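All values reported here derive from a predicted model rather than from experimental measurement. Each chain gets a letter, A, B and so on, in the order the sequences are listed, and its residues count up from 1.
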Number of protein chains: 2
Amino acid sequence: MGVFSRTCEYAMRAVFFIAHRTPEGTRVGIKDISEGIDSPAHFLAKILQDLSRRGIIHSAKGPNGGFYMTEEDLSRPLSDVVEAIDGVQIFKGCALGLKQCSEKNPCPLHHEFKAIRNDLTKLINGTSIKSFNEDLLNGMTSLKK
Amino acid sequence: MGVFSRTCEYAMRAVFFIAHRTPEGTRVGIKDISEGIDSPAHFLAKILQDLSRRGIIHSAKGPNGGFYMTEEDLSRPLSDVVEAIDGVQIFKGCALGLKQCSEKNPCPLHHEFKAIRNDLTKLINGTSIKSFNEDLLNGMTSLKK
DNA sequence: ACAATTAAAGAGTTTTATATCTTTAATAAA
DNA sequence: TTTATTAAAGATATAAAACTCTTTAATTGT
């Protein structure tokens with residue numbers, strides 16, 4: 001596995017996909033999303049239900065229903081998605097999994113690893129979904145499988 | 001989970017523990033190691049068997065047997081341990097799990113994430129087990145649970 | 001040769017992550 | 001009010017990770 005769980009990868013891809021596909025009040029269905037980001041539809045549905053319950057994205061049932069994101073949703077940092085799925089360990093945990101690892105009692109990787117974790121936090125926590133999406137809309141970045 | 005799998009965390013802790021405990025031809029048993037790093041003994045045994053088969057650490061059976069590391073083992077980068085257990089995805093994979101993500105077809109996180117991955121690679125790949133161990137021996141760092 | 005000690009190997013079990021399938025509830029449009 | 005459409009929810013199923021237990025093999029010292 002990479003840095004994030006597969007579930008979290010799906011979640012982030014789906015969020016970017018929804019952001020990208022639903023300008024101005026439109027919605028996108030689970031089928032389109034799962035095909036668009038190459039993930040199992042039913043599994044992704046569970047993930048999006050979860051994000052929806054937490055208010056990270058929105059959904060509507062019925063004809064022309066689907067998933068969408070409000071301006072408020074778009075202005076959230078990507079870390080909201082990551083923390084909802086993978087928790088905060090990735091931003092806070094010791095590289096060796098030691099509970100007592102701290103500034104005063106550092107593990108052999110502590111200081112250097114902390115710098116890396118901080119950079120990751122800055123990226124994921126400090127950048128809004130909207131701004132990642134702008135690069136997508138500009139064609140500067142891509143979600144191609 | 002943090003950045004590394006739990007199995008990988010055990011492996012790294014065990015390697016540091018062995019390095020720390022076996023100066024000059026001594027050996028340390030699985031019981032001592034598993035207690036010292038707070039991991040399940042039988043499970044750790046499997047992990048160390050694996051590392052041993054790959055030549056990352058060494059072992060000897062029988063009375064006064066146990067695990068130890070040669071000078072050559074100590075001079076290896078920590079990445080040998082990580083790659084043996086978790087593979088190379090952590091150093092190479094796309095943050096969103098996209099197969100086609102590349103410089104020419106970057107995902108929304110690509111460039112910033114690449115910088116972070118490179119820093120991680122530099123740390124894990126560019127530092128020998130021995131040099132991490134020196135900080136341990138000097139009491140500058142700790143493996144306390 | 002024998003007994004004791006230690007890791008290696010084999011064969012599970014349990015837990016968590018990932019994935020699928022079916023049924024229900026909400027909504028919109030005819 | 002009926003039908004079609006969509007997400008939500010519930011119930012499993014499968015696979016992978018984490019963990020345990022038992023037996024075997026190698027080595028040492030007596």
Side-chain angles (χ1 to χ4, degrees), chain A residues 1-14 17-18 21-22 25-35 37-69 82 84-87 89-90 97, chain B residues 1-14 17-18 21-22 25-35 37-69 82 84-87 89-90 97:
Chain A
M1 214 8 69
V3 169
F4 305 107
S5 70
R6 183 176 304 200
T7 305
C8 189
E9 290 175 353
Y10 290 157
M12 291 188 287
R13 271 145 63 183
F17 189 89
I18 296 167
R21 277 293 191 85
T22 60
T26 59
R27 293 153 183 178
V28 59
I30 188 70
K31 198 88 186 299
D32 283 349
I33 305 171
S34 68
E35 277 166 12
I37 69 165
D38 195 30
S39 76
H42 290 286
F43 186 51
L44 184 63
K46 293 294 183 196
I47 300 169
L48 296 186
Q49 278 163 35
D50 186 11
L51 294 181
S52 179
R53 255 184 258 115
R54 293 168 189 265
I56 292 171
I57 61 175
H58 284 82
S59 68
K61 289 182 182 179
N64 304 313
F67 296 89
Y68 62 99
M69 298 178 73
V82 173
I85 308 292
D86 279 355
Q89 274 298 99
I90 189 100
Chain B
M1 211 16 62
V3 169
F4 304 107
S5 71
R6 184 175 305 199
T7 303
C8 189
E9 290 175 352
Y10 291 156
M12 291 189 287
R13 271 145 63 184
F17 189 89
I18 296 167
R21 279 292 193 85
T22 61
T26 59
R27 292 152 184 179
V28 58
I30 188 70
K31 198 92 186 296
D32 283 350
I33 305 171
S34 68
E35 277 165 13
I37 69 165
D38 195 30
S39 75
H42 291 287
F43 186 50
L44 184 63
K46 292 297 182 192
I47 300 169
L48 296 187
Q49 277 164 36
D50 186 11
L51 294 181
S52 178
R53 254 183 258 114
R54 292 168 189 265
I56 292 171
I57 61 175
H58 284 82
S59 69
K61 290 185 184 177
N64 305 312
F67 296 90
Y68 62 99
M69 297 179 72
V82 173
I85 308 292
D86 279 354
Q89 273 299 98
I90 190 97

Practice prompt. Would you check if A/Thr7 and A/Asp86 make a side-chain contact, meaning some heavy-atom pair closer than 4.5 Å?
Written response: no
Worksheet item: How about A/Phe67 and A/Thr22: do any of their side-chain heavy atoms sit closer than 4.5 Å?
Response: no
Worksheet, complete the sentence: Atom CZ of A/Phe43 and atom P of D/dA9 are separated, to the nearest Å, by 17 Å
Fill in: Length of the line joining A/Asp86:CG and C/dT16:P, which is rounded to integer Å
15 Å
Item to complete: Calculate the interatomic distance between B/Gln89 atom CD and D/dA16 atom C1'; express it in whole Å.
Response: 16 Å
Response to the item:
In short, A/Met1 meets A/Glu9 closest at the heavy-atom pair SD-OE2, 4.2 Å
Item to complete: Summarise protein proximity over nucleotides 6-14 of chain C in one line of letters, 5' to 3': B for base, S for sugar-phosphate only, - for none, counting protein heavy atoms closer than 4.0 Å.
Response: BBBBBB---
Worksheet item: In Å and rounded to the nearest 0.5 Å, what is the CZ to CD1 distance from A/Phe4 to A/Ile85?
Response: 12.0 Å
Discussion item. Just N and O in the side chain of B/Arg6: are any of them under 4.0 Å from OP1 or OP2 of C/dT16?
Written reply: no
Worksheet, complete the sentence: Rounded to whole Å, CG of B/Leu44 lies from C1' of D/dT20 at a distance of 14 Å
Worksheet item: How many Å lie between CG on A/Asp32 and C1' on D/dT5, as a whole number?
Response: 13 Å
Worksheet item: Whole-Å distance between C/dT18 C1' and A/Glu9 CD?
Response: 12 Å
Worksheet item: Atom CD1 of A/Ile85 to atom P of C/dT18: distance rounded to whole Å?
Response: 10 Å
Worksheet entry | Heavy-atom donor-acceptor pair, B/Arg21 side chain to B/Val28 backbone, under 3.5 Å | no
Practice prompt. Respond yes when some side-chain nitrogen or oxygen of B/Tyr10 is under 4.0 Å from OP1 or OP2 of D/dA18, and no when none is.
Written response: no
Worksheet item: Does a salt bridge link A/Lys46 with A/Asp50, judged by any charged N lying under 4.0 Å from a carboxylate O?
Response: no
Practice prompt. Ignoring backbone atoms, test whether B/Thr7 places a side-chain nitrogen or oxygen under 4.0 Å from the OP1 or OP2 oxygen of D/dA17.
Written response: no
